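Okay, so here's the structure we're looking at.
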There are 2 protein chains.
Amino acid sequence: MVESTTTIYDVARVAGVSMATVSRVENGNANVKEKTRQKVLDAIAELDYRPNAIARGLASKRTTTVGVILPTITSPYFAAIARGIDDVASMYNYNVVLANSDNDEEKEAKVIESFLSKQVDGIVFMGSSLSESVRNQLVGARTPVVLAGTIDGDKELASVNIDYHLAALESTAKLLEHNKKVGYILGSLRDAENVERMVGYQEALEDAKVDFDESLVFEGNYSYENGRNLAQQLLDEKISAAVVSVDDVAVGLLNALQEKGIKVPEQFEIIAGSNSPLTQYSYPALTSVNQPLYDLGAVSMRLLTKLMLKEEVTDSQLILAHELIQRHSTK
Amino acid sequence: MVESTTTIYDVARVAGVSMATVSRVENGNANVKEKTRQKVLDAIAELDYRPNAIARGLASKRTTTVGVILPTITSPYFAAIARGIDDVASMYNYNVVLANSDNDEEKEAKVIESFLSKQVDGIVFMGSSLSESVRNQLVGARTPVVLAGTIDGDKELASVNIDYHLAALESTAKLLEHNKKVGYILGSLRDAENVERMVGYQEALEDAKVDFDESLVFEGNYSYENGRNLAQQLLDEKISAAVVSVDDVAVGLLNALQEKGIKVPEQFEIIAGSNSPLTQYSYPALTSVNQPLYDLGAVSMRLLTKLMLKEEVTDSQLILAHELIQRHSTK
DNA sequence: TTGTAGGCGTTATCAT
DNA sequence: ATGATAACGCCTACAA
């Protein structure tokens with residue numbers, strides 16, 4: 001048996017109709033007599049015909065494919081968002097092309113180029129920061145773009161975010177109830193989202209009439225090891241509670257503190273920032289801000305479909321609600 | 001400024017050559033005079049021309065895209081593999097289309113259809129089991145396929161796996177050094193990989209002249225909660241050590257045991273099966289079998305490139321080495 | 001309701 | 001070394 005691709009012409013021949021009719025049947029065009037439709041369907045089944053999406057893409061200029069760029073799929077944080085994106089994408093019959101950027105500007109640029117070249121119908125971009133050049137690349141593209149969990153200061157691009165500012169404020173306020181010195185441990189302040197958190201932290205202090213002390217803020221922490229190493233520094237500063245924006249860091253801190261004999265939450269309170277599964281596995285389980293990550297992805301993708309299908313969108317700068325999940329690392 | 005796509009013809013016109021020449025330059029064909037090449041390059045830069053990969057795909061029958069199917073990207077296990085796949089894919093200039101199947105046979109079938117329709121150059125399939133129909137679909141495809149961490153009993157499809165059998169045997173043997181009753185906690189026995197583990201477990205018992213006791217085996221456990229719930233059952237069976245193939249379950253068990261006042265590893269030893277970051281974050285950190293997940297993905301993708309480029313492959317059934325990482329949940 | 005024919009933007013095969 | 005000119009497989013007016 002010769003393995004050559006069967007095309008729409010083959011189906012047409014077998015069904016005894018023209019290829020246009022086959023195309024109509026494939027695309028659910030109503031203008032086809034039921035009897036003809038059946039003949040075509042039979043021929044399709046008989047030949048095991050499968051439309052070539054590439055040819056279709058070339059002719060129709062739509063690929064039903066969206067590109068997704070994220071720092072790394074290995075992070076539970078981005079994986080959760082990606083899952084939300086993927087579910088909604090499948091719901092709308094889009095395929096997802098995934099690319100890891102490692103937060104590297106060059107890779108980001110290269111991936112975007114590649115996506116545009118492949119004629120994706122839309123792009124979801126995630127990155128802890130948005131460089132000027134990448135931003136221009138995205139704005140200049142004729143393809144719809146949505147930023148997920150990524151802040152565009154100029155608000156020119158559509159985006160879906162979580163209210164980091166408010167989350168930080170609330171978390172800090174809660175710890176301030178029982179503590180005088182509340183530390184804040186977060187990632188790089190070059191990332192807009194962390195700046196927002198920082199502002200939230202300061203506002204909470206202000207509300208509680210506590211002076212801001214720079215030495216209680218620890219920037220640039222992302223790993224479990226970072227968290228472990230921070231423990232002693234916090235104790236030296238007489239800090240007795242901390243908001244930790246990255247979960248891995250929070251767990252590292254928790255474990256290191258306990259190894260030093262510090263009781264959590266009795267002697268030290270912790271609020272983690274992402275509510276990843278990690279926070280439930282630690283002992284004691286960590287009180288945590290629940291960022292609706294899956295929803296963030298799902299909503300981003302939904303917004304993108306609207307943009308792609310040219311549906312009306314009233315607000316293209318969305319903010320999702322978060323919540324504080326009380327576990328056992330706070331009093 | 002009118003936003004119409006600029007094609008290879010536009011470049012040809014501006015450069016004053018034929019489109020064939022532009023195509024040659026684009027594809028690095030040597031048969032182009034240096035001076036001509038430069039003219040073309042200038043025109044490309046001037047017009048900001050970007051080749052249309054869809055048109056190229058249609059004409060060349062190659063899309064430089066591979067499809068990846070996995071149960072869920074949300075699992076750190078599959079995320080690590082996916083990362084390995086993606087890195088090697090980018091290295092070879094392929095894009096990765098990702099699809100979550102949720103281990104659902106229907107979704108798997110649908111996704112494979114969609115991939116084939118999109119003319120992917122190759123497919124990496126991951127699933128805890130391989131149903132007969134999906135297997136046929138894969139075998140019948142004219143597209144190269146590699147199974148990653150998925151066992152095909154008939155060994156007809158190319159695959160890359162970890163030696164679950166040996167890993168289980170070694171882990172069990174280690175626990176048998178200090179314990180009489182060693183439990184085994186694993187996922188569904190309908191999955192080939194778990195059957196392999198089971199056999200390894202039994203062989204280790206045999207080697208140590210310990211009778212196999214069915215009630216020491218706990219099947220179908222995947223979640224943290226499963227692990228927690230198992231703690232009392234294990235203690236009731238007087239089990240004092242267990243190999244736990246899923247890390248989440250291991251952490252759950254660990255935490256629940258400690259809440260009951262059981263000291264790990266003094267009174268109970270645990271070996272986890274996947275060495276995900278979780279095992280390092282728990283307290284005490286879990287001794288764990290290190291499955292080379294990233295490598296599994298990388299090697300799978302490398303094998304796939306060979307298949308796609310029709311390079312010679314001597315062995316298409318690869319087994320990767322694992323190792324036991326000693327931490328603090330074993331004596 | 002159905003068929004014809006001209007793209008879509010490349011690659012690739014022949015000529016020249 | 002370069003240029004015409006068919007494919008590639010489908011969509012979509014436009015005709016019939």
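Below, each value reflects all heavy atoms present in this structure, side chains not excepted, and no hydrogens, waters or symmetry copies. Predicted model only: the values in this text are computed from it and were never measured. Just so it is clear: chains get the letters A, B, ... in the order the sequence lines come, proteins before strands, and each one is counted from 1.
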Between the first and last five pairs of the helix from C/dT1-D/dA16 to C/dT16-D/dA1, the angle of the axes, rounded to 10 degrees: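 The helix from C/dT1-D/dA16 to C/dT16-D/dA1 shows an end-to-end axis angle of 40°.
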
Shortest side-chain distance from B/Thr5, nucleotide among C/dA12, C/dG9, D/dT2: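 The listed nucleotide nearest to B/Thr5's side chain is C/dG9.
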
Position toward the 5' end of DNA chain D (nearest nucleotide), A/Ala59 or B/Ala59: B/Ala59

Interface with DNA chain D, restricted to residues 9-17 of chain A and to heavy atoms under 4.0 Å: A/Tyr9

Within residues 41-58 of chain A: residues closer than 4.0 Å to DNA chain C (heavy atoms):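 A/Leu58, in order of number.
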
Let me know the distance between [atom1] of [X] and [atom2] of [N], rounded to the nearest Å.
{"X": "A/Glu26", "N": "D/dC11", "atom1": "CD", "atom2": "C1'", "value": "12 Å"}
{"X": "B/Gln119", "N": "D/dC10", "atom1": "CD", "atom2": "C1'", "value": "12 Å"}
{"X": "A/Asn29", "N": "D/dC11", "atom1": "CG", "atom2": "P", "value": "11 Å"}
{"X": "A/Ile8", "N": "C/dG3", "atom1": "CD1", "atom2": "P", "value": "12 Å"}
{"X": "B/Arg62", "N": "C/dA12", "atom1": "CZ", "atom2": "C1'", "value": "15 Å"}

Any pair counted as salt bridge (charged side-chain N to carboxylate O under 4.0 Å, His left out), so long as it reaches residues 297-309 of chain A, sequence neighbours left out: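 Every pair satisfying salt bridge (charged side-chain N to carboxylate O under 4.0 Å, His left out) with a residue in residues 297-309 of chain A: A/Arg302-A/Glu311.
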
Sugar-phosphate, base or nothing in reach of B/Thr7, heavy atoms under 4.0 Å: sugar-phosphate

Going by the rule salt bridge (Lys or Arg N to Asp or Glu O under 4.0 Å), which residues pair with [X] if we only count those two or more places apart in sequence or in a different chain?
{"X": "B/Lys107", "answer": "B/Asp102"}
{"X": "B/Arg37", "answer": "B/Glu34"}
{"X": "A/Lys61", "answer": "none"}

Let me check something: any side-chain donor-acceptor pairs from residues 41-51 of chain B under 3.5 Å, sequence neighbours excluded? List them with distances.
residue	atom	partner	partner atom	Å
B/Asp42	OD1	B/Gln38	NE2	3.4
B/Arg50	NE	A/Glu113	OE1	2.9
B/Arg50	NH2	A/Glu113	OE2	3.3

OP1, OP2 of [N] versus side-chain N and O of [X]: anything below 4.0 Å?
{"X": "A/Ser60", "N": "D/dC10", "answer": "no"}
{"X": "A/Asn27", "N": "D/dC11", "answer": "yes"}
{"X": "B/Ser18", "N": "D/dA4", "answer": "no"}
{"X": "B/Ser23", "N": "C/dT11", "answer": "yes"}
{"X": "B/Thr21", "N": "D/dG3", "answer": "yes"}
{"X": "A/Lys61", "N": "C/dG9", "answer": "yes"}

For residues 291-299 of chain B, please give each side-chain donor-acceptor pair under 3.5 Å, one per line with the distance, not counting sequence neighbours.
residue	atom	partner	partner atom	Å
B/Gln291	OE1	B/Tyr77	OH	3.3
B/Gln291	NE2	B/Gly273	O	2.7
B/Tyr294	OH	B/Asp87	OD2	2.6

Side chains of residues 130-141 of chain A: which donor-acceptor partners sit under 3.5 Å, not counting sequence neighbours?
residue	atom	partner	partner atom	Å
A/Ser131	OG	A/Glu105	OE2	3.2
A/Ser131	OG	A/Val134	N	3.2
A/Ser133	OG	A/Glu105	OE2	3.1
A/Arg135	NE	A/Asp152	OD1	2.8
A/Arg135	NH2	A/Asp154	OD2	3.4
A/Arg135	NH2	A/Glu156	OE1	2.8
A/Asn136	ND2	A/Glu132	O	3.3
A/Gln137	NE2	A/Ala109	O	3.0

Every protein N/O within reach of nucleotides 13-16 of chain D N/O, cut-off under 3.5 Å:
none

Pairs touching residues 7-16 of chain A that satisfy side chain to side chain donor-acceptor pair (under 3.5 Å), sequence neighbours left out: A/Asp10-A/Arg13

Nearest-0.5 Å distance that lies between atom CD1 in A/Ile151 and atom OG in A/Ser128: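 The OG atom of A/Ser128 is 11.0 Å from CD1 of A/Ile151, to the nearest 0.5 Å.
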
